[in-house]
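Beneath this line is the structure, given in structure tokens, with notes to follow.
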There are 2 protein chains.
Amino acid sequence: MTDSSTGDAPGATPALAVSTVIFSLLPQGETGRTALHIPLVRRIREPYRGLWALPGGPLGADEDLSDAARRHLLDTTALSPSYLEQLYAFGSRSRSAAERVVSIVYWALVSRENAAAGPAAALVQGDPNVCWFDADDLPALAFDHRTIVDYALWRLRTKMEYSRIAGAFVGSTFTLSQLREVHEAVLGRDLDPANFRRMVEASDAVVPTGEYLTGTKHRPPRLYRYNSPIDLDPSPLGRS
Amino acid sequence: MTDSSTGDAPGATPALAVSTVIFSLLPQGETGRTALHIPLVRRIREPYRGLWALPGGPLGADEDLSDAARRHLLDTTALSPSYLEQLYAFGSRSRSAAERVVSIVYWALVSRENAAAGPAAALVQGDPNVCWFDADDLPALAFDHRTIVDYALWRLRTKMEYSRIAGAFVGSTFTLSQLREVHEAVLGRDLDPANFRRMVEASDAVVPTGEYLTGTKHRPPRLYRYNSPIDLDPSPLGRS
DNA sequence: TCAAAAGTGTTCGTAGTACACCCATGA
DNA sequence: TCATGGGTGTACTACGAACACTTTTGA
């Protein structure tokens with residue numbers, strides 16, 4: 001997986017790898033509340049054999065960076081991301097005692113719809129070396145992956161406050177309560193429903209579909225959709 | 001410099017380079033107003049021979065990423081940065097028609113003090129292949145370096161609004177007018193002196209030294225200093 | 001009729017903006 | 001004394017937080 005040990009000539013250019021921090025909202029084991037989860041893979045080789053690590057691997061010679069991230073994501077979770085963004089390039093000499101590896105790390109969001117409906121659960125449960133963990137209750141990680149995950153978490157929570165990435169977790173239509181629950185699960189605190197509604201409506205990011213969600217045991221809430229698709233690859237190239 | 005063409009085996013791991021977008025405030029040629037400037041180096045090899053490019057080069061086998069950026073900065077400008085931050089890793093296959101290169105790009109700020117006092121001006125004027133350009137009036141650049149510079153500019157201007165990086169451009173003590181002029185030069189618009197003063201004082205980032213700047217032909221302004229040094233390397237590792 | 005969530009209205013404190021005005025110095 | 005920037009005061013606006021209140025459904 002990431003940071004695999006292959007031969008290295010002295011003075012050679014450092015090896016290049018791409019890893020991804022994948023986020024999805026899943027019901028927490030004990031409380032049942034939805035919480036942020038991250039899939040990790042168990043290392044089957046030294047160093048750090050037996051420890052959990054981020055999914056990733058070497059960059060293909062004819063592969064764009066984000067494509068490599070997408071490929072590892074598909075291999076690990078059998079899912080396509082609703083959002084994918086570069087996080088940081090980690091290249092300190094001290095991050096691995098073995099071979100020198102520069103890891104370009106991405107972070108990805110996977111929607112509830114995909115995570116629930118797709119073959120991900122089966123695939124993951126069938127493979128004892130892949131497992132989803134509560135982002136706030138992680139096991140010991142290999143290399144500097146704990147630092148990386150913490151940084152990705154900080155980035156996700158920070159960006160949630162000013163961008164529309166929450167939409168990457170919900171389906172094509174959704175109620176404002178569902179959207180608010182996404183924010184609450186990610187930020188880890190409750191939000192005022194009234195103020196959240198006004199904040200979202202004022203942003204003009206969302207429009208009512210005219211439909212209502214039925215089957216609840218209370219007043220049926222309006223369904224909304226985003227008025228423009230979320231930018232799937234917010235790289236600097238698509239900026240100006 | 002960056003993206004140099006060395007041999008590549010088919011299917012080999014892509015080459016790794018480190019480049020830096022270096023910013024400094026220098027008086028503009030015509031108007032004399034201080035404006036953002038960037039040093040560029042002229043390519044002496046194909047591809048893009050004769051065009052201007054960002055300073056950079058391959059990553060040393062035993063060198064941290066930021067150290068490589070610092071080294072290229074020193075080679076190009078003979079200066080040490082007052083601020084250095086990773087910008088983005090550019091690795092698209094299409095960015096160079098020749099060899100596949102992944103460039104990890106940093107952006108750096110060089111203070112007025114250093115830029116004026118140091119041997120930079122002489123060094124740069126002595127070498128016809130290194131030149132400072134107005135950031136808003138750049139020549140044609142090699143590779144995707146124009147995209148990279150535009151992104152770095154966007155990042156600098158965005159970060160200027162909520163962080164203390166302006167301090168990287170001024171000396172150890174400074175007047176609030178000097179600090180405001182830094183903001184104005186970077187953002188490209190005038191700011192209200194009264195409101196700027198209150199904004200800075202409210203942030204508690206700055207404390208008066210008790211000294212005054214004399215020699216002006218008006219009321220002598222107070223001198224300030226930052227109450228804590230600017231974080232020189234704001235990498236994710238120093239976050240939590 | 002009651003519980004529960006949807007949805008609306010109102011108030012308050014803070015932060016940014018515009019701009020009037022006084023202060024201290026050199027010329 | 002005047003010009004010039006240093007520095008203070010004040011009113012207006014926008015926006016988020018807190019919270020009371022009405023509405024609409026299922027049970």
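Letters A, B, ... are given to chains in the order of the sequence lines, protein chains preceding strands, and every chain is numbered from 1.
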Can you pull the ring-ring contact (aromatic ring centres under 6.0 Å, His included) pairs that have at least one residue in residues 184-209 of chain B, sequence neighbours excluded? B:His183-B:Phe196
I'd like the 5' and 3' limits of the part of DNA chain C contacted by chain A, with heavy-atom contacts below 4.0 Å. C:dA4 to C:dT10
Roughly how far, to the nearest 0.5 Å, is the CG atom of A:Leu223 from the OG1 atom of A:Thr175? 7.0 Å
Could you tell me how the ring of A:Phe143 sits relative to the ring of A:His145: parallel (under 30°), tilted (30 to 60°) or perpendicular (over 60°)? tilted
Looking at five pairs on each end of the helix from C:dT1-D:dA27 to C:dA27-D:dT1, what is the angle between the two axes, given to 10 degrees? 10°
Tell me if a side-chain donor or acceptor on A:Asn227 pairs with a main-chain N or O of A:Asp204 at a distance below 3.5 Å. yes
Test: salt bridge (charged side-chain N to carboxylate O under 4.0 Å, His left out). Region: residues 151-175 of chain A. Which pairs qualify, not counting sequence neighbours? A:Glu85-A:Arg155, A:Glu85-A:Lys159, A:Asp136-A:Arg157, A:Glu161-A:Arg189
Test item: A:Asp192 side-chain N/O and A:Asn195 main-chain N/O as donor-acceptor pair under 3.5 Å: yes
Parallel, tilted or perpendicular: which one describes the rings of A:Tyr226 and A:Phe174, with boundaries at 30° and 60°? tilted
So, using salt bridge (Lys or Arg N to Asp or Glu O under 4.0 Å) as the criterion, who are the partners of A:Arg146 when residues are at least two apart? A:Asp150
Could you list the residues that satisfy salt bridge (Lys or Arg N to Asp or Glu O under 4.0 Å) with A:Arg180, not counting sequence neighbours? A:Glu184
Those residues of residues 182-207 of chain A lying under 4.0 Å from DNA chain C by at least one heavy atom: A:Ala194, A:Arg197, A:Arg198
Selection residues 18-27 of chain B - residue pairs positive for salt bridge (charged side-chain N to carboxylate O under 4.0 Å, His left out), sequence neighbours left out: none
Is it true that a side-chain atom of A:Thr20 and a backbone atom of A:Leu73 form a donor plus acceptor pair closer than 3.5 Å? no
Contact list for residues 205-230 of chain A, test salt bridge (charged side-chain N to carboxylate O under 4.0 Å, His left out), sequence neighbours left out: none
Have B:Ser103 and B:Arg95 got a donor and an acceptor in their side chains that come within less than 3.5 Å? yes
Which atoms of nucleotides 21-25 of chain D (N or O only) lie under 3.5 Å from a protein N or O atom, and what are those distances?
{"from": "D:dT23", "atom 1": "O2", "to": "A:Arg219", "atom 2": "NH1", "distance (Å)": "2.9"}

Would you compute the distance between atom CD of A:Glu181 and atom CG of A:Leu25 and round it to the nearest 0.5 angstrom? 10.0 Å
By a strict heavy-atom criterion of less than 4.0 Å, which residues belonging to residues 163-177 of chain A are in contact with DNA chain C? A:Ser177
Contacts of type side chain to side chain donor-acceptor pair (under 3.5 Å), residue A:Asp190, not counting sequence neighbours: none
